[in-house]
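If you're wondering where the values come from, they're calculated on a predicted model, not measured in any experiment. Atoms within a ligand are numbered from 1 in the order they appear, just like the ligands themselves.
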Amino acid sequence: MNNVNDPSNKSWITINPDSDFSIQNIPFGIAFVNDEYKVVSAIGDRLIDVSSLNKLGYLKSIEIPQNTLENKFLNDLIALGKSKTNALRERIASLMNVSNVELQNNDLHKNTVLLEIKKVQMCLPVRIENYTDFYSSIEHATNVGTMFRDPANALLPNWKHIPIGYHGRASSIIVSGTNFHRPKGQTKGPNDEIPKFGATQQLDFELEMGFIVGKETNLGDSVTTDKADEYIFGMVVFNDWSARDIQSWEYVPLGPFLAKNFASSVSPWVVTLEALEPFRTEGYVQEPKVLPYLEYKGNNNIDINLQVFIQDEKQDETLVSTSNYKYMYWNMNQQLAHHTVNGCNIKVGDLYASGTISGKSEDSYGSMLELTWRGTKPLKLNNGTERKFINDNDTVVMRGYCEKNGVRVGFGEVKGKVLAAN
Ligand code: CA
């Protein structure tokens with residue numbers, strides 16, 4: 001069987017070397033094409049209409065019900081299981097391979113199946129059933145603890161024992177390109193008797209990755225770190241927008257609430273866990289030793305280069321952060337094992353976000369809070385203006401990609417523009 005991840009695979013489609021969508025990637029998403037929602041994939045600057053591929057008979061051997069592909073979300077396709085979705089990814093990669101002439105030599109079908117990515121509207125890929133946000137980057141947790149509490153005891157005593165997380169809000173997760181208004185809320189006033197109300201003055205981004213669950217469990221079941229990969233369909237880039245002034249007033253004693261639930265942006269392409277396999281890398285040495293249910297084997301971190309840009313109104317882009325998903329202290333397997341150890345059931349389409357991903361160096365921090373150290377060290381944009389937090393009409397763009405042995409597997413981007421409060 002053809003191995004999709006083999007670096008020697010070449011496509012008959014011209015692919016720019018810096019394209020995220022190599023023949024080794026074959027991500028999945030949902031596009032709105034000719035008034036229809038369809039499952040699509042991508043290669044180079046082309047979008048692959050998977051729904052039409054099936055209709056034209058190219059996917060016959062995999063037996064995928066057409067209604068899972070003419071669908072507003074990926075959930076029904078994902079729920080068929082990895083035996084189907086992996087076979088689908090392999091078949092699409094094989095059709096795009098230079099040695100395969102089936103589609104390559106059929107001009108009529110090629111015109112139906114291949115579209116220009118930039119001309120197509122991408123949609124929210126998954127009907128997100130539940131959303132959990134972790135807090136798994138040690139550098140981020142240390143920075144926040146240093147700023148808001150005690151630099152000598154920045155990490156709370158539980159942090160190295162528990163992949164800390166909280167249940168977020170699924171309804172306000174929006175796809176890349178969806179703009180939103182600056183949120184309003186309560187913030188601390190001149191004294192504790194009189195809070196202030198108004199538009200947040202400290203709007204921030206959080207650079208995160210998210211994973212999408214592909215297999216459900218029953219109430220009472222737990223997923224072990226060994227089995228977690230079976231339950232993870234793929235990953236997206238995630239911006240967990242945050243209003244810091246609202247957050248600092250509301251978060252004690254139960255954690256973030258309205259400071260986080262007004263919007264979170266997600267990239268439209270879901271890159272499968274199988275496509276990320278070659279980019280696995282070792283994680284932190286976890287000291288003190290974790291409890292047995294959190295122990296894991298193998299390389300469960302993934303080397304994903306991450307970048308954050310702020311775009312001004314003239315679309316001039318400034319790179320403000322360069323981080324990497326491999327900096328995570330807690331990996332996805334541990335997060336899922338912890339989330340389910342009490343019997344909490346998971347569903348196809350659940351989204352689990354990593355928490356802000358910061359590295360050690362100051363230019364690798366994953367939020368404005370850290371990059372400007374609470375606004376005390378403003379960032380300078382290319383246009384000469386300064387930012388402590390995010391201004392109205394700024395667009396935040398995040399990009400992620402893996403690169404190894406000449407193969408690039410990327411996520412494209414997640415972007416969102418902040419409009420003035422209404
Ligand atoms: Ca977060």
Item to check | Straight-line distance of F389 CZ to L203 CG, nearest 0.5 Å | outcome: 9.5 Å
Next on the checklist: Between the Ca ion (ligand 1) and E206, which N, O or S atom of the residue is the nearest one?
Outcome noted: OE1
Checklist entry - Between F211 and Y352, what is the ring plane arrangement, given parallel below 30°, perpendicular above 60°, and tilted in between? => result parallel
Next on the checklist: Heavy-atom count check: over 12 atoms from other residues, nucleotides or ligands less than 6.0 Å from F73 CZ?
Outcome noted: yes
Checklist outcome for this item: The atom name of the N, O or S atom in E208 nearest to the Ca ion (ligand 1) is OE2
Item to check | Stepwise side-chain contact (heavy atoms from CB on, under 4.5 Å) test for F262 and S172 | outcome: CA-CA 6 Å; F262 55 90; S172 52; over 6 Å; no
Next on the checklist: Suppose we only allow N, O or S atoms; which atom of D240 ends up nearest to the Ca ion (ligand 1)?
Outcome noted: OD2
Item to check | Considering only N, O or S atoms of D133, the one closest to the Ca ion (ligand 1) | outcome: OD2
